[in-house]
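Residue numbers start from 1 in every chain, and the chains themselves are labelled A, B, ... in the order their sequence lines are given, proteins ahead of strands. All values below come from the heavy atoms of this structure, side chains included, with hydrogens, waters and symmetry mates left out.
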Amino acid sequence: MYFLMRSLPMDINEINDQKARRKEELEFLEKIGINPYPYEFNKTHSAIEIISQFRDEEPEKFSKVFVAGRIMTFRRMGKATFCDIQDETGRIQIYFRKNDLGDSYDLLKYLDIGDIIGVEGFVFRTRMGEITVHTQRYEILCKSLTPIPVPKVEEDESGNKIVHDQFTDKEQRYRKRYVDLIVNPDVREIFRKRAKIISFIRNYFDSRGWLEVETPILQPIYGGATARPFITHHNALDIDLYLRIADELYLKRLIVGGFEGVYEISKNFRNEGMDKMHNPEFTALEIYVAYKDYFWVMELVEDLLNSLVTYLYGTEKIVYDNVEIDFKKPFARRKMFDLFKEYIGEDLKNKSEQELLEIGKRLELEFPENASKAKILDEIFSEIVQPNLIQPTFVIDYPIEMSPLAKKHRSEEGLVERFELFVNGFEIANAFSELNDPRDQRSRFEEQARLRAKGDEEAMVIDEDFLNALEVGMPPTGGLGIGIDRLVMLLTNQKSIRDVILFPQMKPENQ
RNA sequence: GACCCUGUAGCUCAGGGGUAGAGCACCUGACUUUUAAUCAGGGGGUCGCAGGUUCGAUUCCUGCCAGGGUCACCA
């Protein structure tokens, strides 16, 4: 017997007394003929509609409304009860009175915080001045069996909101995002902004006639970025496939195919570390437009971000982490090697791998063994220069070793026509005049293959079909990538990528 | 992957080698315009998991698990 007991799943929640009590309430409601999970409710008003509609005009006749939402607070006072219900738009106070409701008033005691109800009533203003729905009839729309955290909101004299017992445990918030969304209204706001940002970008591109496309997530050869991929397996074909690390090479094939502007909002996957700037799956935007170069793309990015910020906030300025950031056009444009000169006091152009390594070490940086020239420059840049780039700054003209898919600079030896946009030290955008000379592309791939042979697991692999596409011929093309998650972080003042991804990757909980 | 911090009630947290604490939530009672409602009473915990030291561990030690942070790799 003892062993039997011990071998039963002893889920702590199963023996939770609050859960048990709610289950009893639910069974009681069913016994007296009430369906605690009915099929529909015809809402006429949202919480915010009621408040905005009745705030200014005090209606002579009380107006009838049908509202529905989740019960967030209860104030029971014997023969009268107040509660706040919450719908997608906000909260509205509901008033119940024994005189009006009779027997159904007594059933209120079988309702709990977390239940969802529908209310038919008229709107009035209480003595304390709060716009409230006076219930004439109500019905339960969903009985909640698991209690949710109950933060309480207090308003001080100056109208500031103080939240008591806020649901703050980050692990629980990310794992149980549905609870987080219910009890932390700011979280809903972030994801609404995220949706607005994405739809703004989509409209911006669509209205210019560029085509939204979908390219493979499962790829036999991964490419378009330097990163380690996730590997999966297709059973019927019995081949390994890679989850895409970027969609660049497919989008360029579409430019070869004759589309003159294509873009994709793409979930990419990189099998690397996670921290507040990296989630293993993330969203990137890439766009390619035929007959354009990177100067044109710079103007596109300036205008896109400027109009996006203006659309969201009605101004060109935002505040991130108490720093004001101004998206006024044009953004600063700085050549990469000029920035090196400014921040290191030395011209790194034409330096050998060995010389760069020595400079890096003097700056107290550490490098992996066999670090390539590209890696060393990248390291020096991201450690020394990048943190200083707070206001929107285009860094232009990268060394060729760092950019195997970008076209050679039209006038400067050893450089490519590439820019990255930095804001608040974040890399927001990456763009080039796209390399379309198949002979040059092949030799760049071959150089990547050499790096790979030397042990660089992130170096690119040769994609013969992509080279074939370039041989068919791609027009001059400007290409751009934007990290959507980081852009959302910047525009919503969030410090961690997990706060702008609804379901961030977490280790499974130990069962 | 390395280091630091954290894990106690549904939530937010305090405590500490000898039967586990608060506020809110929950239950009972009072209260027909309250709003962090109030007042009176009450229930609720293998103190993340496993092992060790000890007469005795939730507390001390070790390992593990999970989370957060810093660093490394990357966007």
Taking 4.0 Å as the cut-off, does a side-chain nitrogen or oxygen of [X] come that near to OP1 or OP2 on [N]?
X	N	answer
A/Lys276	B/rU70	yes
A/Arg76	B/rC31	no
A/Arg75	B/rA37	yes
A/Lys152	B/rA37	yes

Is there side-chain contact between A/Lys407 and A/Val416, with heavy atoms separated by less than 4.5 Å?
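Side chain of A/Lys407 against side chain of A/Val416, heavy atoms only: no contact under 4.5 Å found.
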Please examine the side chains of A/Leu405 and A/Leu249, heavy atoms only from C-beta on, and report whether any two atoms are closer than 4.5 Å.
yes
With a 4.0 Å cut-off, would you call A/Glu248 and A/Lys252 a salt bridge?
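Salt bridge present between A/Glu248 and A/Lys252.
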What nitrogen or oxygen pairs link the protein and nucleotides 21-23 of chain B at under 3.5 Å?
from, atom 1, to, atom 2, distance (Å)
B/rG23, N2, A/Asp165, OD1, 2.6
B/rG23, N2, A/Asp165, OD2, 3.4

Look at all strands and tell whether A/Thr73 reaches a base, only sugar-phosphate, or nothing, counting heavy atoms closer than 4.0 Å.
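No contact.
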Please work out if A/Glu420 contacts a base, only the sugar-phosphate, or nothing of the nucleic acid, heavy-atom cut-off 4.0 Å.
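The residue A/Glu420 makes no contact with any strand.
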Intra- and inter-strand pairing of RNA chain B, written as dot-bracket with Watson-Crick and G-U pairs under 3.5 Å and | for the latter, reads (((((((..((((....[..)))).(((((.......))))).....(((((..]....))))))))))))....
With sequence neighbours excluded, tell me which residues meet side chain to side chain donor-acceptor pair (under 3.5 Å) with A/Asn493.
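Partners of A/Asn493 under the side chain to side chain donor-acceptor pair (under 3.5 Å) test: A/Lys495.
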